[in-house]
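Beneath this line is the structure, given in structure tokens, with notes to follow.
Everything numeric here is computed off the predicted structure, so don't read it as measured data.
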Amino acid sequence: MPKIRTERRQCTKCRETKETQIALYLNLDDGETKIETGIGFFDHMLNSFAVHSGFALIVKCTGDLEVDGHHTVEDVGIVLGQAFANILGDRSGIARFGSAYVPMDEALGFCAVDISGRPYLVFDAPMPQPMCGSYDTALTVEFMRAFAMNAGITLHLKAMYGDNSHHITEALFKALAHALKQAVQETGSGTLSAKGVL
């Protein structure tokens with residue numbers, strides 16, 4: 001793992017099943033990014049997510065791509081979500097909410113997130129083309145669901161419009177990145193909740 005300038009807000013997670021072997025490092029504040037999943041378009045999306053969020057993200061995944069990309073994409077979502085949950089703990093001292101619109105050529109993606117401890121996904125993004133390279137565009141919702149459920153966040157994603165599945169998917173990943181960047185900003189105060197606890 002890389003040397004970083006901070007010892008805070010970071011996590012290393014590993015997960016091994018009969019379908020995938022994943023090692024993942026996440027730092028919400030600083031560090032490098034390196035993605036290797038065996039699916040070029042998915043690597044591109046995760047790299048865009050890291051760049052636009054400002055998070056350091058290192059992912060090494062070996063999956064059963066001879067079957068298809070489903071297990072790889074879903075399991076990376078699981079491990080990334082677990083890393084977020086581990087870092088954020090009781091979710092105190094952060095902004096909690098974030099939202100973003102991101103255009104990508106003719107497509108416009110929207111994301112709203114609540115780091116609530118209550119996992120939920122609303123996903124409304126029809127994909128005009130079924131494939132982006134070797135990436136099945138139906139897997140975007142599987143990644144987002146796995147991430148939201150394991151991170152313990154409420155996540156709403158919507159493609160406002162768009163004609164190209166590459167552009168739509170990239171707009172959604174970038175919108176997620178910008179929304180999470182807002183939501184994890186440190187406030188120095190307690191839990192943002194009328195109940196006092198999430």
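For the pair T62 and E19, the minimum side-chain heavy-atom distance is 4.5 Å or more. Using a 4.5 Å cut-off on side-chain heavy atoms (C-beta onward), V59 and T37 make contact. Residues F110 and L157 fail the side-chain proximity criterion, which asks for heavy atoms closer than 4.5 Å. For the pair T33 and I58, the minimum side-chain heavy-atom distance is 4.5 Å or more. Side-chain contact between L46 and V76 is present, with heavy atoms from C-beta onward closer than 4.5 Å. Between I153 and F147 the shortest side-chain heavy-atom distance falls below 4.5 Å. Using a 4.5 Å cut-off on side-chain heavy atoms (C-beta onward), V113 and T154 make no contact. Within the 4.5 Å cutoff, side-chain heavy atoms of L88 are placed close to those of L28.
Qualifying side-chain contact (heavy atoms from CB on, under 4.5 Å) partners for V141, counting only residues two or more places apart in sequence or in other chains: L121, F123, R145.
Between E36 and K34 there is a salt bridge, with a side-chain nitrogen of the basic residue lying less than 4.0 Å from a carboxylate oxygen of the acidic one.
Between the side chain of S134 and the backbone N or O of G40 there is no donor-acceptor pair closer than 3.5 Å. Checking side-chain atoms of Y135 against main-chain N and O of T140 turns up a donor-acceptor pair under 3.5 Å. No donor-acceptor distance shorter than 3.5 angstrom exists from the side chain of N47 to the backbone of D43, with no hydrogens or angles considered. Between the side chain of E106 and the backbone N or O of G162, no donor-acceptor pair lies under 3.5 Å. Checked by atom type and distance alone, the side chain of N164 pairs as donor or acceptor with a backbone atom of H167 at under 3.5 Å. With hydrogens and angles ignored, the 3.5 Å screen pairs no side-chain donor or acceptor of T20 with any backbone N or O of I22. With hydrogens and angles ignored, the 3.5 Å screen pairs no side-chain donor or acceptor of E142 with any backbone N or O of A138. Under a 3.5 Å cut-off, the side chain of R91 and the backbone N or O of G89 do form a donor-acceptor pair. One N or O on the side chain of S53 and one on the backbone of A50 form a donor-acceptor pair closer than 3.5 Å.
Between F41 and H44, the angle of the ring planes goes over 60°, which puts this pair in the perpendicular group of the 30/60° scheme. Note on ring orientation: taking the six-membered ring where Trp is involved, the planes of F42 and F173 are perpendicular (angle over 60°, cut-offs 30° and 60°).
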Tell me, with the steps shown, if M144 and L176 meet side-chain contact (heavy atoms from CB on, under 4.5 Å).
-> CA-CA 9 Å; M144 297 299 181; L176 173 65; 3.7 Å; yes

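Of all non-hydrogen atoms in L24 and V79, the two that sit nearest each other are CB-CG1, 3.7 Å. Pairing each heavy atom of S99 with each of Q182, the nearest pair is O-NE2, 2.7 Å. The minimum heavy-atom distance linking A85 with A151 is given by the pair CB-O, 3.9 Å. Among all heavy-atom pairs drawn from K158 and D124, the shortest one is NZ-OD2, 2.5 Å. Between M45 and E170, the shortest heavy-atom contact is SD-CA, 3.5 Å. Residues A148 and Y120 approach most closely at CB-O, 4.1 Å, considering heavy atoms.
Taken together through direct or relayed side-chain contacts under 4.5 Å among Ile, Leu, Val, Met, Phe, Trp and Tyr, F49 and M127 form part of one hydrophobic cluster. Residues L26 and I35 fall within the same hydrophobic cluster, defined by Ile, Leu, Val, Met, Phe, Trp and Tyr side chains chained together at heavy-atom separations under 4.5 Å. In this structure, I168 is not a member of the same hydrophobic cluster as V102, with clusters built from ILVMFWY side-chain heavy atoms closer than 4.5 Å. The cluster map of Ile, Leu, Val, Met, Phe, Trp and Tyr, joined by side-chain heavy atoms under 4.5 Å apart, puts V184 and L57 in the same cluster. L139 and I78 are assigned to two separate hydrophobic clusters, defined by single-linkage of ILVMFWY side chains at heavy-atom distances under 4.5 Å.
F55 and F84 have their aromatic ring centers within a separation under 6.0 angstrom.
From Q129, atom CD reaches atom OG of S165 across 4.0 Å, with rounding to the nearest 0.5 Å. Here the straight-line distance linking atom CG of N27 with atom CZ of R8 works out to 9.5 Å at 0.5 Å rounding. S116 OG to F97 CZ: the interatomic distance, rounded to the nearest 0.5 Å, is 8.0 Å. In this structure, the separation between NZ on K13 and CG on N150 is 9.5 Å, given to the nearest 0.5 Å. Note that the CG atom of D75 and the CD atom of E16 stand 11.5 Å from one another [nearest 0.5 Å]. Of the inter-residue distances, the one linking R96 atom CZ with I94 atom CD1 reads 9.0 Å to the nearest 0.5 angstrom.
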